[in-house]
Amino acid sequence: MRTRWQRIKDSAFLYHFLRDPVAYVSFAILMVLTISAFAAPLIAPHNPYDPTTIDIMDAELPPAWTDEGSRTFVLGTDEMGRDMLSTMLYGMRISIIIGLGAVFLQAFLGIVIGLLSGYIRRLDNILMRIADVQLSFSTYMIAIFIGAIFQTAFGVANYEKIAAPLLILIIGLAEWPQYARTVRASVLAERKKEYVEAARVIGLSKLRIMGRHILPNTLSPVLVISTVQVANAIMSEAALSFLGLGMPLTKPSLGSLITAGFEYIFSGSWWITILPGILLVLLILVINLLGDWVRDYLNPKLYKG
Amino acid sequence: MTAINANTSPDGSDVLVSIRDLVKHFDISGSWIEQLKLQDGRLQRKKTVVQAVNGISIDIREGETVSVVGESGCGKSTLARTVMGLYPPESGAVFYREKRIDHLSEAQLKPYRTRMQMVFQDPYASLNPRMVVGETLREPIRFHQPAIGSRELKTKVATVMEQVGIDPDWQNRYPHEFSGGQRQRISIARALAVDPKFIVADEPIAALDVSIQAQILNLMMDLQEQRNLTYLFISHDLSVVEHISDRVAVMYLGALCELASAENLFASPRHPYTQALLSAIPRLGRPFSHKKLSGDIPSPIRLPSGCVFHTRCPYVRERCRQEVPTLISLPDNSRVACHGVEEKWVPN
Amino acid sequence: MGKLLSIEHLNVDFAMRTETLRAVDNVSLAVHRGERLGLVGESGAGKSVLGFSIINLISKPGYIDSGRVVFQGQDISTYNDEQMRTIRGNRISMIFQDPMMTLNPVLTIGAQMKETLLAHASISDAEATAICLEKLRKVYISSPGKRLTQFPHEFSGGMRQRIVIAISLLTNPALIIADEPTTALDVTIQAEIMDLLLELCESDRMGLLLITHDLAVVSQVTQRIAVMYAGTIVELGPTGDIINRPQHPYTRGLLGALPQKAGDSRRLNQIPGVMPGLAKIPPGCPFNDRCNMAGDICHEKRPPLIVKQSGNQVACHMVD
């Protein structure tokens with residue numbers, strides 16, 4: 001018996017991955033970004049959440065390589081005197097958590113609804129019309145509604161505490177139809193295959209056929225859209241934060257950092273908004289490049305080898 | 001001729017599975033909004049129905065192989081799936097040992113699932129690609145015998161794998177690691193895992209190479225002897241059917257044209273369609289001598305009136321366009337649905 | 001009979017990620033003028049690759065490694081795309097299993113036929129129409145004038161294949177390569193199409209290379225048969241000899257596996273095992289691991305394809 005590790009080592013997946021510089025460079029950058037984001041409390045030089053370490057006198061210091069820069073703050077400080085590097089690392093952590101959380105919620109809802117819709121034909125019409133209705137609301141409209149309701153209900157002070165789970169909920173609820181449609185399409189293709197008929201001839205229940213036979217065969221497209229959806233969710237969060245509906249400034253995500261710095265861009269403090277902007281673009285770019293690669297790899301029609 | 005009533009159970013104790021006046025239609029018109037059509041200046045709701053199987057009756061005796069042959073679109077696969085309860089029939093009945101099973105719920109059907117199993121055509125689609133073959137074989141056994149011990153389960157799977165000629169050590173492999181012929185063996189093993197009496201085989205060798213076809217056919221015949229299996233064998237390959245069947249049913253456009261013993265059918269086909277079909281079989285080293293049929297097969301959405309074959313039949317007469325022929329019994333126990341045979345204007 | 005097409009020591013390789021696989025291994029084969037040759041083998045034997053490599057249609061990662069393809073005295077294996085176009089679809093036509101591979105679903109039959117014609121000859125539109133009608137009549141398409149304005153989806157599978165044949169006839173080719181032309185069709189339609197191909201080849205003295213897995217079909221249509229196994233030709237001879245007196249153990253096994261040959265015995269003669277994948281072809285004779293006659297020499301030396309006592313060319317150490 002070959003070990004699992006040997007199987008992975010010999011797999012075509014790894015082979016093609018290592019032969020595509022775009023794929024492995026993107027993956028390496030994504031790993032560095034993710035690890036440094038989650039290790040932020042350990043590696044960040046300052047703690048932006050701890051008000052006692054922040055001195056307003058340090059506000060708007062430019063990055064270290066400029067003439068006025070200080071060595072204590074490598075990438076400068078923001079308008080409140082927080083270290084930009086630390087704040088960006090913490091902010092990226094929040095962005096990634098919200099992105100992943102929202103995608104998990106979307107995927108869960110979408111897979112369940114897509115499976116039901118694709119396999120139990122009676123439910124198809126109603127579920128897909130709900131998805132259509134859902135898609136005709138924009139994410140931002142839903143966010144503005146729910147955000148406004150929660151802010152008035154809990155007060156702006158308490159909003160800070162529930163902001164992250166709330167954003168996960170909003171983005172998760174807004175975009176599940178993507179998953180539902182993808183899963184439904186592959187269920188419709190799979191359910192006609194003979195292994196599903198064989199399972200029915202054995203007498204297995206609908207639930208078991210859906211869960212054990214059809215679901216595992218619909219996961220490749222789910223994997224592909226997941227990469228795109230993570231990127232989209234991070235972007236949605238950034239856009240909501242930019243509009244002031246997302247993370248509060250005390251616990252900033254990349255999006256809220258960009259907004260906050262936006263006001264200072266004309267006073268010459270470009271780094272407050274540009275640096276988190278570059279980081280956001282880089283993060284989204286590598287996720288999308290990886291997603292493209294995974295899609296090409298899993299789609300034998302596109303894949304030339 | 002005795003009228004066959006769908007509500008009476010078949011007589012003759014050796015009949016294992018009895019198909020009575022089975023009708024299966026498919027509504028392909030989609031949702032109601034797609035059914036709307038503009039006709040005569042008015043918006044009307046019209047359904048498009050494929051009449052796949054129209055009143056087929058076959059009794060299958062224990063231990064025999066009955067083959068259903070016909071060209072693509074004749075409804076033979078639909079017949080197989082309706083018998084297996086994968087499609088609910090529009091009307092008619094299916095009996096297993098005199099018990100009517102076509103209207104049962106999934107729970108009531110469960111004991112019959114161990115009696116009746118199915119083997120499919122495409123060895124690449126009939127095994128779950130994400131499941132190791134051992135699990136594919138364990139699942140049906142565990143499902144029907146939840147109390148089975150793990151050691152007994154293991155021996156059972158190993159035995160059935162050996163029986164179909166697959167090394168039991170390969171249980172942890174995925175289907176893509178096997179060749180087409182091996183997959184078809186695994187597919188047969190899955191059907192056998194629950195010890196059925198009756199197996200519906202839907203074109204089980206159509207996707208295989210010639211030398212592999214022989215292996216699978218031999219395996220199926222060996223298993224039939226060992227386990228006293230009864231087969232309903234669906235195929236378009238007439239020379240295979242001639243070789244393995246006891247009786248053969250010829251279908252055309254959802255209707256049964258002829259049902260006879262393999263010997264009689266291939267020696268003296270009665271129905272004009274059977275005659276044309278048999279003459280088209282490519283025979284080794286013999287020149288062509290096929291009877292050409294005019295035109296194409298009509299659409300099963302708009303079946304021809306009377307005999308469904310009348311649009312292409314070289315012996316067609318007026319009665320054929322008006323009246324649907326019923327199966328008549330001939331002296332040699334062959335049954336044919338043809339006015340021309342009944343009135344003896346179709347040559348033998 | 002002069003040679004129309006002659007394949008000489010052709011090797012076709014596929015460059016895979018870890019190794020180079022040989023799909024066609026040192027094949028030499030000739031089609032004479034007006035001759036119908038059957039190329040028989042199971043899937044993976046390399047018969048389609050051989051067919052495609054004749055007209056240089058093998059797609060990457062496959063390529064012709066060495067050998068020559070001589071058509072009407074010219075080595076066409078070295079032709080570039082531009083030169084190949086004067087041959088492919090012109091002097092040599094191809095018919096595939098799926099007619100929709102040839103037919104464009106969004107163009108009418110007439111448009112597609114004329115396009116083919118005008119690509120190879122400078123004639124007027126009216127002349128082109130006349131030729132199209134003539135060819136459609138030749139393949140027994142009723143009311144051809146009306147058919148020209150119809151789209152492929154308006155035809156049945158058998159009619160589509162007949163239209164493909166009509167298209168392949170447009171340029172009066174000297175050779176037709178038909179790759180499993182009837183595999184997707186029902187037997188009654190298969191018989192019609194084969195009958196038609198036979199008739200056309202005879203009336204126009206066209207060469208036919210019929211690639212198929214169906215021995216019975218080949219036996220009814222062709223004059224000679226080449227049997228392929230794992231990239232090599234294992235037996236080559238007149239159709240009657242191959243069918244009635246097969247020499248190579250594989251040919252014998254293949255014929256014996258047919259129910260028609262089983263006679264009264266219920267069990268079919270079966271060849272054990274499966275054809276090896278290209279990466280797993282054994283050394284020596286490629287058939288040695290499935291052969292009941294194999295001796296030591298079969299595991300050491302590749303048998304050459306030579307004329308044996310029977311008159312057939314056979315690649316087997318054990319046949320005299």
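A, B, ... follow the sequence lines: proteins, then strands. Residue 1 opens every chain.
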Okay, C:Asn269 and chain B: the region with an atom under 4.5 Å from a heavy atom over there is backbone

Given B:Arg283, B:Lys291, B:Gln182, the one with more heavy-atom pairs under 4.5 angstrom with chain C than any other is B:Arg283

What part of C:Ile243 lies closer than 4.5 angstrom to a heavy atom of chain B: side chain, backbone, both or neither?
-> side chain

Using non-hydrogen atoms and a 4.5 Å limit, figure out which bit of B:Ser239 sits close to chain C: side chain, backbone, both or neither.
-> both

Any side-chain heavy-atom pair of C:Ile189 and B:Asp296 under 4.5 Å = no

Take atom OH in B:Tyr315; do more than 12 heavy atoms of anything else shown fall under 6.0 Å from it?
-> yes

Pairwise side-chain contact, C:Gln270 with B:Ser211, heavy-atom cut-off 4.5 Å (strictly under) = no

Where the side chain of C:Asp186 meets the backbone of B:Ser72, is there a donor-acceptor pair that is under 3.5 Å apart?
-> yes

Please step through side chain to side chain contact (heavy atoms under 4.5 Å, CB included) for the pair C:Gln260 and B:His243, ending with a clear verdict.
-> CA-CA 8 Å; C:Gln260 294 182 18; B:His243 185 73; over 6 Å; no

Side chain, backbone, both or neither: which part of C:Met194 has a non-hydrogen atom closer than 4.5 Å to chain B?
-> both

Is chain B contacted by the side chain of C:Val221, its backbone, both, or neither, given a heavy-atom distance below 4.5 Å?
-> side chain

Quick one: what part of C:Thr188 sits under 4.5 Å from any heavy atom of chain B, side chain, backbone, both or neither?
-> both

Out of C:Gly157, C:Ser142, C:Gly240, C:Pro259, which one racks up the most heavy-atom pairs below 4.5 Å with chain B?
-> C:Pro259

Counting only heavy atoms not in B:Glu263, do more than 12 fall under 6.0 Å of its CD?
-> no

Taken to the nearest 0.5 Å, the spacing of C:Leu255 CG from B:Leu284 CG works out to 6.0 Å

Where do B:Ile212 and C:Ile271 land on the side chain to side chain contact (heavy atoms under 4.5 Å, CB included) test, with the steps shown first?
-> CA-CA 8 Å; B:Ile212 311 300; C:Ile271 310 174; over 6 Å; no

Write down the atom of C:Gln190, the atom of B:Pro282, and the distance for their closest heavy-atom approach.
-> NE2-CG, 3.4 Å

Find out whether C:Leu215 and B:Val210 are in side-chain contact, i.e. whether some heavy atom of one side chain is under 4.5 Å from a heavy atom of the other.
-> no

Main-chain N/O of C:Leu268 paired to B:Asn218 side chain as donor or acceptor, under 3.5 Å = yes

Is the side chain of C:Glu192 donor-acceptor paired with the backbone N or O of B:Lys292 at a distance under 3.5 Å, no angle test?
-> no

Is there a side-chain contact between C:Arg267 and B:Asp222, using heavy atoms and a 4.5 Å cut-off?
-> yes

Under 4.5 Å from any heavy atom of chain B - which part of C:Leu198 | side chain

Which answer fits B:Leu238, side chain, backbone, both or neither, if we ask what part of it has an atom under 4.5 Å from a heavy atom of chain C?
-> side chain

Minimum side-chain heavy-atom gap C:Val187-B:Ile281 below 4.5 Å | no

